[in-house]
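For ligands, and for the atoms within them, numbers begin at 1 and follow the listed sequence. Model, not experiment: these values are computed from the prediction. Throughout, residue positions are numbered sequentially from 1 according to the sequence presented.
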Amino acid sequence: MRIDIITIFPQMFDGIFNNSIISRAVDKGKVEIQLHNLRDFSDDKHKRVDDYPFSGGGGMLMKIEPIAKCIDFLKAHRNYDEIFYTSPDGELLDQQLINSYSTLGNIIILCGHYKGIDERIRQHYITKEFSIGNYVLSGGELAAAVFVDAVARLIPGVLGDEMSALSDSFQDGLVAPPAYTRPVDFNGWKVPEILLSGNDKLIAEWKLEQSKLRTKERRPEMED
Ligand code: ADE
């Protein structure tokens, strides 16, 4: 999968993309991430990428020309399956959407800023918009990073244990059961006996039961 990210803060991605699963995915050649500084596509002598909205209303908007120039430049080199825009009013991401996006080949993610972008970009360039939650971030970079992390870990060969993504919370409509590691007894707080029993069938039943209970408690809306 190739991901082109258009941003005014490329440095924001350094720590996130150079560590853990995403850097492993990149090192293994499963994901290629290219960051594009939107200011490089501004013809303005001050490299401005924002302007005042018509009719006032406060706040600035991302200008149309640098974004159009950047996307046109990228599209001249390859075809894209989707051109995403990060926006609090976009489609709310969930595991099902992430699963389907993890099968895409080439994508662009445009990180929003200020009071948003000129509507004509949304109409003529953007094919999908996503939100990571019903709250407003100061920019789309964190949302783009969340998207890349959630998608990259699903690409076959990225996670060491191939099964582990399948047993994640949400993959089967249930949240994960409680999990324990050593020691068996910490200050008198004990690991449930069943997990030490070695009986795979009973353990699987217990985990499913616990997942169901947790889903009922924490995500009752997922139950139907
Ligand atoms: N930009 C600002 N807030 C956002 C959100 N919640 N999701 C995606 N992009 C955003």
Nearest-0.5 Å distance, CZ of residue F130 to OH of residue Y85: 11.0 Å
Interatomic spacing from OG in S100 to CG in L97 - rounded to 0.5 Å: 5.5 Å
Test salt bridge (Lys or Arg N to Asp or Glu O under 4.0 Å) applied to K30 - qualifying residues, sequence neighbours left out: none
Pairing of K128 and E91 as salt bridge, 4.0 angstrom limit: no
Between the protein and ligand 1, are there any N or O atom pairs that come within less than 3.5 Å of each other, and if so, what are their names and distances?
from     : atom 1 : to   : atom 2 : distance (Å)
ligand 1 : 3 (N)  : L137 : N      : 2.9
ligand 1 : 6 (N)  : G133 : O      : 3.0
ligand 1 : 6 (N)  : Y135 : O      : 2.8
ligand 1 : 7 (N)  : I132 : N      : 3.0
ligand 1 : 9 (N)  : S87  : N      : 3.3

Passing candidate, side-chain hydrogen bond (donor to acceptor under 3.5 Å, both in side chains) with D4, options H36, R78, H77: H36
Any side-chain heavy-atom pair of D72 and Y125 under 4.5 Å: yes
